[in-house]
Structure formats: C-alpha cells, structure tokens
Amino acid sequence: MTLQECYKAMGSNYDEVLGRLRSERMIHKFALKFLEDTSYELLITSMENKDYAEAFRGAHTIKGICSNLGFTRLLASSTALTESLRNGWTPEVDTLLEETKRDYQTVTEALMAFRDSNP
C-alpha cells in the first residue's frame, strides 16, 4: 500500500497534506506517529467517566492532529464532537462520539495496513 492509497482508504486528500508538509517522508513519519498518540484513549476513558472537560481535551487534540495531517473525515467528526463538548455534555454528544469512533477506526486501520506493507 502506498501512502496515497492509505489516504484514499481513510477518505482523505493526500495532495492537500503534501502541499502543507512538503515531503512524503514527513507525511510518512507523522502519519504513523498518530498510531502512538493517546488522545483517543483519553477521549474514550473520559467519556466513560463522564469527565467532559477531559473528553473535550481529547477530542480537541484529535481535531488538531487531523487538521495538520489532513485526515479529512476524522477531522470533521472530531471537530463536531469538540464543539458539542465545549461546554460539557449535550444531547448530540453520544451520536457524534460514535461517528468519531468509526472514523478513528478507519484511519487507524488504513495506517496500520500502510505500516505493515512498508516495514
């Protein structure tokens, strides 16, 4: 799997992020670092504990990383979740969390497939 195929699999625009980061080597390096980030675990744990301030922090961090790396779908869902959590729990949070979970899974599966095919 190429990096371009990875971005396509996650519903993202490779050319856009290439324009921002300027080299495939940089995209490769930082995209794979996403798999090590703990913001998603913070989000999930905080939601389970009803700690919405920490959940907001986790969602906001995911949003920022996705913005920089061009993970388009996860950026959209994590942005909506971040805004919904900005002032604590709201009725749409649970639906937005499920959407973010699906998008996160899509991104991580694509990144792992890329990593595993490029040892």
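Numbers here are sequence positions counted from 1.
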### Query
Okay, side chain of Thr108, backbone of Gln105: is any donor-acceptor separation there less than 3.5 Å?
yes

### Query
Just by modelled atom types, is the Thr61 backbone N or O under 3.5 Å from a matching donor or acceptor in the Ser39 side chain?
no

### Message
Please give me the minimum heavy-atom distance between Leu74 and Thr100, naming the atom from each residue.
### Response
CD1-O, 3.7 Å

### Query
Where the side chain of Ser12 meets the backbone of Thr72, is there a donor-acceptor pair that is under 3.5 Å apart?
yes

### Task
State the NZ-OH distance between Lys101 and Tyr40, to the nearest 0.5 angstrom.
5.5 Å

## Note on the structure
For Ala31 and Leu111 the tightest heavy-atom approach is O-CD1, 3.5 Å

### Query
Taking all atoms of both residues into account, what is the closest heavy-atom pair of Glu54 and Leu42, and its distance?
OE1-CD1, 3.5 Å

### Query
Is there a donor-acceptor pair closer than 3.5 Å between any side-chain N or O of Arg20 and the backbone N or O of Asn68?
yes

### Message
Determine whether a donor-acceptor pair (N or O, by modelled atom type, separation under 3.5 Å) exists between the side chain of Ser84 and the backbone of Ala80.
### Response
no

### Message
Measuring from atom CG of Leu85 to atom CG of Leu96, what distance do you get when rounded to the nearest 0.5 angstrom?
### Response
8.5 Å

### Message
Assess the residue pair Thr82 and Thr79 against the criterion (side-chain contact (heavy atoms from CB on, under 4.5 Å)); give the C-alpha distance rounded to whole Å, side-chain angles, the decisive distance to 0.1 Å, and a yes or no.
### Response
CA-CA 5 Å; Thr82 297; Thr79 296; 5.6 Å; no

### Query
Which distance, rounded to the nearest 0.5 Å, do you find between the CG of Leu75 and the OG of Ser67?
5.5 Å

### Query
Are the side chain of Thr106 and the backbone N or O of Met10 linked by a donor-acceptor pair below 3.5 Å?
no

### Query
Which pair of non-hydrogen atoms, one from Ala55 and one from Ser46, has the smallest distance, and what is that distance?
N-CB, 3.4 Å

### Query
So, the side chain of Asn13 versus the backbone of Asp15: is there a donor-acceptor pair under 3.5 Å, distance only?
yes

### Query
Are the side chain of Ser117 and the backbone of Met1 linked by a donor-acceptor contact shorter than 3.5 Å?
yes

### Query
Taking it one step at a time, do Tyr104 and Phe71 satisfy ring-ring contact (aromatic ring centres under 6.0 Å, His included)?
CA-CA 9 Å; Tyr104 181 86; Phe71 297 165; 9.7 Å; no

### Task
Begin from the C-alpha positions of Glu5 and Lys8 and carry the test salt bridge (Lys or Arg N to Asp or Glu O under 4.0 Å) through to its verdict.
CA-CA 5 Å; Glu5 291 168 334; Lys8 185 176 182 178; over 6 Å; no

### Message
Just so I know, are the side chains of Phe56 and Leu43 near enough to count as touching, which here means a heavy-atom distance under 4.5 Å?
### Response
no

### Query
Are Phe114 and Tyr7 close enough that their ring centres sit under 6.0 Å apart?
no

### Message
How close do Val17 and Leu69 get, counting heavy atoms only, and between which atoms?
### Response
CG2-O, 3.3 Å

### Message
Other residues, nucleotides and ligands only: do more than 12 of their heavy atoms fall within 6.0 Å of CZ on Arg73?
### Response
no

### Summary
In this structure, CZ of Phe30 is separated from CG of Asp37 (nearest 0.5 Å) by 13.0 Å

### Query
Charged N to carboxylate O under 4.0 angstrom, Arg102 versus Glu99?
no

### Message
Once rounded to the nearest 0.5 Å, what's the spacing between atom OG of Ser23 and atom CG of Leu18?
### Response
7.5 Å

#### Entry: Straight-line distance of Leu3 CG to His28 NE2, nearest 0.5 Å
7.0 Å

